[in-house]
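Throughout, a chain's letter reflects where its sequence line sits, starting with A, and its residues are numbered from 1.
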There are 2 protein chains.
Amino acid sequence: MTRKALPPLAPGTVDRSRALPLWRQVQTELERDIVAGAISAGERFPTEAELSERFSVHRHTVRRAIESLRERNLIRVEHGHGIFVRERTVPHALTAEGRLSTTIRQLSQNNDRKILGTDKVQADPAVSRALQIRSRTLVRRVDMLGGINGAPATVSSMYFPLPRFIGIERHIEESGSITGSFAKLGVEKYQRKETRVSARLPTKAEADLLDQPRTLPVMTIWSLDIDSDGKPVAYSQSCISTRWIELVVRF
Amino acid sequence: MTRKALPPLAPGTVDRSRALPLWRQVQTELERDIVAGAISAGERFPTEAELSERFSVHRHTVRRAIESLRERNLIRVEHGHGIFVRERTVPHALTAEGRLSTTIRQLSQNNDRKILGTDKVQADPAVSRALQIRSRTLVRRVDMLGGINGAPATVSSMYFPLPRFIGIERHIEESGSITGSFAKLGVEKYQRKETRVSARLPTKAEADLLDQPRTLPVMTIWSLDIDSDGKPVAYSQSCISTRWIELVVRF
DNA sequence: GATAATTTGTGCGTATGTATG
DNA sequence: ACATACATACGCACAAATTAT
């Protein structure tokens, strides 16, 4: 892994007179490097040892500074791998109409969606409650992988009630559009009713799909879509990489 | 660590005729145990080895079932520690008026807030941008620990612009109420303008405060509060345990 | 602080049944 | 009938995180 060398240290950058804690001086200096673009987004930071050398401070002092940057989401620390400047995340606004794909299409250069697979399955308790159907009724499940700027960013499973949406998986595969597929099956308008957000570590499969370490948390979103009559039309569970996306709620 | 023994296995629970994959049979059985309350929320699961013994299947087969339960947030797996049934999380609605403390007070038996400390600090770039003040202006920072049902659930830092809110930390310490403290300083009404959500692993300090393992992600929330004139009155960063709280957006 | 025991995480190898062409 | 690919299941070994001694 190549690593960009930081600019040489200006004399007097570290002031040992105890006017300011050493770690805070290191933090300020590193922050300056980040915002100045001396290390660009996604790129690798010097190791703790190198930084400790550069600032002539103890490794623990560097760690304290690093921790402070991490708390503020400026960098990302991967256990046993390295320290990385965080990629600029795309803010996804949670609104009744907003589709994740739409947001991403607007805010990023590129957006793509790939169907990972589809299956007819029995609704588990959570799905059946959300879709207001009896437990173990058959539903259509479609698994998708969403990308942003060429990088995989979301893994989601959508559940559609049957028999109302028989064949919707073929429409989605052909057009790639959920809205379009709904329209073909007679749903002109639909909107989000509720979204629940939590976070967890990804499963191995999810981490592989998202091309990220297992130690980087993903946000999980459960959301329910309803048609204009208030009838549930889709329940989806998405797993969203915190590497590329942050959620925004505006009031 | 005491552990509740699962009820003995009814004969014929595992069907090796390949009508259904073994791991799915195990998953169904464990799910039944959870919803039936054979193991209650927060309690420890049998280990992989014990489950493997109980069902007479390979450990990998158990792991496959466990993973499926984990994806659906029914259980929580802690590396090197054990498997636990997830606690019932309190849904916190993100709205313009909703304070986290209010939600929790409504939905849980108990809610408490403790001031961890307070300090006058220079605004870093993010804070100064949010509060619309010049960088390095002094602001009042108040660190708080929020609890729910006696368990620590949130760690947050609020930043108040100075000199407008001089002494607000004393009001907060005395009354424990943000709204009340604002009122005493002439802010009758204030509301949330924007909330940004992401997730990461907690720092050691945060994990200690929240009494949770470092491998359980926390959600991070940055939010900006404004008064009725639209002037920023507080910028806060909260770190929320995914163990007790999930976020909800309703439309 | 060092060590060991416990428990989960990961990887590779092997075998078998099922679906597909 | 055969080759191929895939998911399932088991076996073994070791890495990594946590807890107790």
Pairing residues for A/Thr220 by the side-chain contact (heavy atoms from CB on, under 4.5 Å) criterion, not counting sequence neighbours
A/Ser198, A/Arg200, A/Trp222
Nearest-angstrom distance from the residue atom [atom1] of [X] to [atom2] of [N]:
X        : N      : atom1 : atom2 : result
B/Ile66  : C/dT7  : CD1   : P     : 14 Å
B/Glu78  : C/dT6  : CD    : P     : 19 Å
B/Phe45  : C/dT6  : CZ    : C1'   : 19 Å
B/Leu216 : C/dT8  : CG    : C1'   : 15 Å
B/Leu51  : C/dT6  : CG    : C1'   : 15 Å
A/Asp119 : C/dA19 : CG    : P     : 13 Å

Does the A/Arg243 side chain pair with the main chain of A/Asp211, one donor and one acceptor, at a distance under 3.5 Å?
yes
Can you confirm whether A/Met158 sits close enough to A/Ile178 that some side-chain heavy atom of one is under 4.5 Å from a side-chain heavy atom of the other?
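Touching, per the 4.5 Å side-chain cut-off.
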Set of side chain to side chain donor-acceptor pair (under 3.5 Å) partners for [X], sequence neighbours left out:
X        : answer
B/Gln27  : B/Arg24, B/Glu31, B/Ser68
B/Ser236 : B/Ser223
A/Asp143 : A/Arg141, A/Ser157
A/Ser241 : A/Gln212

Looking only at the side chain of B/His81 (C-beta and beyond, no hydrogens), which of the listed nucleotides C/dG9, D/dT18, C/dT7 gets closest?
D/dT18
For DNA chain C, the residues among residues 198-212 of chain A that have a non-hydrogen atom under 4.0 Å from it
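Within residues 198-212 of chain A, the residues near DNA chain C are A/Lys204.
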With a 4.0 Å cut-off on heavy atoms, is B/Arg64 in touch with a base, just the backbone sugar-phosphate, or nothing at all?
sugar-phosphate
Going by purine N1 to pyrimidine N3 plus the second Watson-Crick contact, or the G-U wobble pair, all under 3.5 Å, which nucleotide sits opposite D/dA1?
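Pairing partner, where one exists within any strand: none, as none qualifies.
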Pairs under 3.5 Å (N/O, protein and nucleotides 9-15 of chain D):
unit_1: D/dA9; atom_1: OP1; unit_2: B/Leu22; atom_2: N; d: 2.2
unit_1: D/dA9; atom_1: OP2; unit_2: B/Leu22; atom_2: N; d: 3.3
unit_1: D/dA9; atom_1: OP2; unit_2: B/Trp23; atom_2: N; d: 3.2
unit_1: D/dC10; atom_1: OP1; unit_2: B/Arg16; atom_2: NH2; d: 2.7
unit_1: D/dC10; atom_1: OP2; unit_2: B/His58; atom_2: N; d: 2.7
unit_1: D/dC10; atom_1: OP2; unit_2: B/Thr61; atom_2: OG1; d: 2.5
unit_1: D/dG11; atom_1: N7; unit_2: B/His58; atom_2: NE2; d: 3.1
unit_1: D/dG11; atom_1: O6; unit_2: B/His60; atom_2: ND1; d: 3.3

Between A/Arg214 and C/dG9, is there a side-chain N or O to OP1/OP2 distance below 4.0 Å?
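Answer no for this pair, as no side-chain N or O of A/Arg214 is under 4.0 Å from OP1 or OP2.
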Keeping to residues at least two apart or across chains, list the side chain to side chain donor-acceptor pair (under 3.5 Å) pairs with something in residues 117-131 of chain A.
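Found A/Thr118-A/Arg140, A/Asp124-B/Arg72.
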List for me each residue that meets ring pair (Phe, Tyr, Trp, His ring centres under 6.0 Å) alongside A/Phe160, sequence neighbours excluded, and say none if there are none.
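Applying ring pair (Phe, Tyr, Trp, His ring centres under 6.0 Å) to A/Phe160 gives A/Phe182.
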